[in-house]
Number of protein chains: 2
Amino acid sequence: MAATQELTKNQSLVFDALTRADGPLSAYTILDQLREDGFRAPLQVYRALDKLLDYGMIHRLESINAFVACSHPHDHSHNHGMIAFAICEKCGQVTEFSDDVITARVREWTKGNGFKPSKTTIEIRGICASCGTA
Amino acid sequence: MAATQELTKNQSLVFDALTRADGPLSAYTILDQLREDGFRAPLQVYRALDKLLDYGMIHRLESINAFVACSHPHDHSHNHGMIAFAICEKCGQVTEFSDDVITARVREWTKGNGFKPSKTTIEIRGICASCGTA
DNA sequence: TTGACTAATGTAATAACATCACATACGAAG
DNA sequence: CTTCGTATGTGATGTTATTACATTAGTCAA
């Protein structure tokens with residue numbers, strides 16, 4: 001496995017679709033966009049998404065059942081802090097950020113309660129600055 | 001509106017089902033449990049769930065498409081801190097907690113970025129203490 | 001080269017989650 | 001009693017995700 005993940009054809013197509021998009025896409029939206037590239041069934045999308053999630057190249061937004069390309073341009077293998085998302089309900093823009101204090105605080109809680117975390121979701125839905133002033 | 005919310009028949013049935021359950025239930029699981037009480041269609045469940053969410057009596061767990069009764073026995077009208085959930089992927093147990101530091105930290109971010117939050121989701125999935133030692 | 005194994009893909013069907021559209025009932029305010 | 005808002009009943013439909021099975025393609029060892 002190279003520093004930057006080698007992707008299969010389907011994985012590339014799905015990743016490119018997400019990268020082109022300026023916001024989150026649902027699996028079925030991706031499917032529609034890739035029909036002309038030969039995609040026929042949801043599973044082709046979901047399988048690629050699963051791998052891309054594994055590789056840390058994309059994120060799933062649980063609260064809206066959609067996917068975004070990771071906005072961190074650099075390496076994905078470290079930086080194990082939790083990632084939070086601010087999702088604008090008007091324009092769909094997603095802002096990704098991480099906060100060491102929140103990360104530490106969550107870890108404290110899980111440690112203190114003997115809970116072994118596998119995945120943590122932090123999503124803030126609301127109205128972004130642009131949409132709020134517009 | 002009374003201190004404790006007056007519920008309609010359907011709302012009571014759904015709330016009771018969630019209260020009886022020792023873990024989160026999906027809307028369709030609730031529907032199945034309430035068939036003998038006259039429930040016939042998903043909408044009957046979803047409408048009740050919407051109201052109960054409004055009243056703050058239940059929570060929706062976005063990452064597993066399920067609902068739980070709020071575990072805070074006391075009043076729901078104040079305590080505006082964010083609520084986090086630890087969800088055990090083995091036994092399904094959900095633990096609800098709130099953390100002022102996390103709440104403050106999220107607020108700082110949203111203020112600093114001109115983002116007006118409407119709903120914040122924090123869900124930690126993993127293995128709970130009981131399941132981890134068992 | 002062949003065979004065995006693993007990963008990726010193609011396809012249809014189905015399951016699981018959620019909403020729309022429209023009709024009906026029922027209680028409170030005037 | 002009429003009007004209005006809220007709750008309800010019901011069927012159809014829309015959206016999201018998985019199961020099951022067949023096929024293709026690459027890797028590696030004998």
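Quantities reported herein were computed from a predicted structural model and do not represent experimental measurements. Reminder, nothing fancy here: chain letters follow the sequence lines and each chain counts from 1. These values consider heavy atoms only, across backbone and side chains, with no hydrogens, waters or symmetry-generated copies.
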_I'd like to know if B/R35 pairs up with B/D32 as an ion pair, taking the criterion as any Lys NZ or Arg NE/NH1/NH2 lying under 4.0 Å from an Asp or Glu carboxylate oxygen._
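Looking at B/D32 together with B/R35, the answer is yes, because their closest N to O distance falls below 4.0 Å.
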*Output yes when B/R125 and A/E62 qualify as a salt bridge under the 4.0 Å nitrogen-oxygen rule, no when they do not.*
yes
_Would A/V68 and A/L18 count as a side chain to side chain contact (heavy atoms under 4.5 Å, CB included) here? Give the steps._
CA-CA 6 Å; A/V68 280; A/L18 283 172; 5.7 Å; no
_Residue pairs involving residues 115-134 of chain B (criterion ring pair (Phe, Tyr, Trp, His ring centres under 6.0 Å); sequence neighbours excluded)_ =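 Listed by first then second residue: nothing to list.
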*asked:* Tell me which pairs pass ring pair (Phe, Tyr, Trp, His ring centres under 6.0 Å) where either residue lies in residues 19-48 of chain A, with sequence neighbours left out.
replied: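 Not a single pair qualifies under ring pair (Phe, Tyr, Trp, His ring centres under 6.0 Å).
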*Going by side-chain heavy atoms closer than 4.5 Å, which hydrophobic residues are tied to A/V101, directly or by a chain of links?*
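Noted: A/V101 shares its cluster with B/V101.
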*Along DNA chain D, first and last positions that approach a heavy atom of chain A under 4.0 Å*: D/dT16 to D/dA20
Output a table of donor-acceptor pairs, distance under 3.5 Å, between side-chain atoms of residues 85-97 of chain B and any protein atom two or more places apart or on a different chain; print 'none' if there are none.
unit_1, atom_1, unit_2, atom_2, d
B/E89, OE1, A/S118, OG, 3.1
B/E96, OE1, B/S71, N, 2.9
B/E96, OE1, B/S71, OG, 2.9
B/E96, OE2, B/H59, NE2, 3.1
B/E96, OE2, B/H72, ND1, 3.4

_Treating primed atoms plus P, OP1 and OP2 as sugar-phosphate and everything else as base, which nucleotides of nucleotides 8-21 of chain C get B, S or - for protein heavy atoms under 4.0 Å?_
SBBB-----BBBBB
